[in-house]
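A short worksheet on the structure shown next.
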Amino acid sequence: MNTLSRSLALVAVTAAGSLVLAGCVARADQAGGDAITVTSTEESCEISSASAASGTLNFAVTNAGSETTEFYLLASDGLRIVGEVENIAPGASRTLTVLTQPGDYYTLCKPGMIGDGVGRAAFTVTGDSVAVDGEDAELKQQAVDLYAAFVKDQVGQLVPAVDEFVAAYVAGDDETAKQMFPQVRAYYERIEPVAEALGDLDPRIDYREVDAVAEGLDWTGFHRIEKDLWVPASDALNSDGVTPAWQDWEPSTPEQRAEFGDLLIADVQELYDYVHGDEFIDALESQGIAGISNGAIALLDEVATGKISGEEDWWSGTDLYDFAANVEGSKMAFSLVRDFAVSSGPDGEQLVAQIDEGYAQLEAELATFGSLQDGFVSYSTLTDADTRALSDRINALAEPLSQLTVTVLQ
């Protein structure tokens, strides 16, 4: 199966050719002056202001608790994610930069990075709608259009790939299904933040067992099927390292396999319908290039919070496939806003150089273990030194990449 789609390569080439800027990028006004401060603990999510003027907002999030946390800006329905910053370690601070339009929102912290979160509070954005003016407005729209095309292409390939994968799984052709599993997931992993913005769709498609149990959800999707394909040993533990693998679980019957397969097909079709509808385009256009930039950051966070630990594909050991696909999706999104960062001035040029180098080093380190095209080694074969080397490369890229959104909006 083709692992880096023809359309991905085409979109990347188109982006490189069409987004060379002549002159400076038009700047959205910084809203509200200084950053809005957020303090996250196990019980609260304290925010310094419940309102702001429309435009570019910076939320400076400090984790004053003992668990790694996340901060979210949610749309008025409380489900769709407008912006998020993940993997904030105890004592650490991160900044979420988003371009906001007038309307009602919610803020929320999620200590432990699971569950419903704490401190959900109403947040209001006032003022006028933010319009991008100037000679680069068309280029910004091109960037949004290109990202939309990329997402549609990936989901368009995901649908038939899932159909074929499910057919093998339901038929009991486990060897074929095992071979397809990591390759099919790559389409999803490249655009995962899109599904995450749709409330419970990502949990239905991609939750691990321990996360579903912790949140009281029915466990379905890729990882439910994965456990059927790679049946654990009788004494194995789940990815939490505590729960016995066979506790409240047993291999699916043929009838159950058909049910789980049908659910995955239906959920992926829902994702397809969304990205081919007006709501998706409206969401992309309302966020503009900030949404694309934040997508690049979010995908690298996916690597840092799940793939590097080997907890994502716990039974199959195929985490490096997900790792590589997340990096591809992140780099693709970065390529669409890269020139806007460069155009912001010398600091932007230096930041882009750091990010370029960070991607190159991370890809080189990952390539020592295989490729999406030819396959990766099982995650279980990596040594502590191997995972430390990969972690070092992720961290080296994450630091400059976290500054990308505020730079492209300058």
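These numbers come from a predicted model, not from an experiment.
- Between the side chains of Ser40 and Asn63, no donor N or O sits under 3.5 Å from an acceptor N or O.
- With sequence neighbours excluded, no residue satisfies ring-ring contact (aromatic ring centres under 6.0 Å, His included) with Phe260.
- Listed by first then second residue, pairs satisfying side-chain hydrogen bond (donor to acceptor under 3.5 Å, both in side chains) with a partner in residues 281-290 read Gln141-Glu285, not counting sequence neighbours.
- Taking both residues in full, the closest heavy atoms of Gly156 and Tyr272 are given as CA-CE1, 4.0 Å, listed atom of the first, atom of the second, then distance.
- Contacts of Ser380 classified as side chain to side chain contact (heavy atoms under 4.5 Å, CB included), with partners at least two apart in sequence or in another chain: Ser378.
- Atoms NZ and OG1, from Lys307 and Thr318 in turn, are 10.5 Å apart once rounded to the nearest 0.5 Å.
- Asp202 and Tyr188 are linked by a side-chain donor-acceptor pair at a separation below 3.5 angstrom, with hydrogens and angles left out of the test.
- Taking every heavy atom of both residues into account, Pro90 and Gly65 meet most closely at CB-O, 3.4 Å.
- Ser391 is linked by a side chain to side chain donor-acceptor pair (under 3.5 Å) to nothing, counting only residues two or more places apart in sequence or in another chain.
- Side chains of Thr95 and Ser402 form no contact here, defined as non-hydrogen atoms less than 4.5 Å apart.
- A donor-acceptor contact shorter than 3.5 Å is absent between the side chain of Ser252 and the backbone of Arg257.
- The ring-ring contact (aromatic ring centres under 6.0 Å, His included) check on Tyr321 picks up Phe376, with sequence neighbours excluded.
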Legend entry - From CA spacing to verdict: side chain to side chain contact (heavy atoms under 4.5 Å, CB included), Val213, Trp219: CA-CA 7 Å; Val213 170; Trp219 184 38; 6.0 Å; no
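- Residues passing the side chain to side chain donor-acceptor pair (under 3.5 Å) test with Asp386, sequence neighbours excluded: Thr383.
- Taking Gln179 as the reference, nothing meets the side chain to side chain donor-acceptor pair (under 3.5 Å) condition, with sequence neighbours excluded.
- Between the side chain of Thr305 and the backbone N or O of Asp301 there is at least one donor-acceptor pair closer than 3.5 Å.
- The closest side-chain heavy-atom distance from Phe123 to Val82 is not below 4.5 Å.
- Under the 4.0 Å criterion applied to side-chain N and carboxylate O atoms, Lys110 and Glu215 are not assigned as salt-bridge partners.
- In this structure, Leu264 CG and Thr220 OG1 are separated by 8.0 Å, a value rounded to the nearest 0.5 Å.
- When atom types are taken as modelled, the side chain of Trp246 and the backbone of Ala233 share a donor-acceptor pair closer than 3.5 angstrom.
- Partners of Gln269 according to the side chain to side chain donor-acceptor pair (under 3.5 Å) rule, which considers only residues two or more places apart in sequence or in another chain, are Asp273.
- Between the side chains of Asn294 and Thr405, at least one donor-acceptor pair of N or O atoms lies under 3.5 Å.
- Not a single side chain to side chain contact (heavy atoms under 4.5 Å, CB included) links Asn395 to another residue, sequence neighbours left out.
- Between the side chain of Gln183 and the main chain of Leu372, a donor-acceptor pair closer than 3.5 Å is present.
- Within the 4.5 Å cutoff, side-chain heavy atoms of Val38 are placed close to those of Cys109.
- Asp319 places a side-chain N or O within donor-acceptor distance of the main-chain N or O of Asp313, the cut-off being under 3.5 Å.
- Between Pro203 and Asp211, the closest side-chain pair of non-hydrogen atoms is not below 4.5 Å.
- Residues passing the ring-ring contact (aromatic ring centres under 6.0 Å, His included) test with Phe369, sequence neighbours excluded: none.
- If you check the side chains of Ser93 and Thr62, you find a donor sitting under 3.5 Å from an acceptor.
- Here Tyr379 pairs with nothing under the ring-ring contact (aromatic ring centres under 6.0 Å, His included) rule; sequence neighbours left out.
- Annotation: the span from Glu255 atom CD to Glu259 atom CD amounts to 8.0 Å, rounded to 0.5 Å.
- Listed by first and then second residue, the salt bridge (Lys or Arg N to Asp or Glu O under 4.0 Å) pairs involving residues 226-246 are Glu209-Lys227, Arg224-Asp228 (not counting sequence neighbours).
- Taking OH of Tyr72 as the start and OG1 of Thr107 as the end, the distance is 13.5 Å to the nearest 0.5 Å.
- Between the side chain of Ser54 and the backbone N or O of Thr100 there is no donor-acceptor pair closer than 3.5 Å.
- Between the side chain of Thr407 and the backbone N or O of Gln403 there is at least one donor-acceptor pair closer than 3.5 Å.
- Ring geometry for Phe222 against Phe181 counts as perpendicular: the plane angle is over 60°, on a 0 to 90° scale with 30° as the lower cut.
- Between Trp249 and Pro232, the closest side-chain pair of non-hydrogen atoms falls below 4.5 Å.
- Rounding to the nearest 0.5 Å places CG of Leu397 at 12.5 Å from CG of Asp392.
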Inset, instruction - Quick one: do Asp267 and Leu201 satisfy side chain to side chain contact (heavy atoms under 4.5 Å, CB included)? Show the steps, please. - result: CA-CA 7 Å; Asp267 290 337; Leu201 185 57; 4.0 Å; yes
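- With values rounded to the nearest 0.5 angstrom, Asp206 atom CG is found 5.0 Å from Glu312 atom CD.
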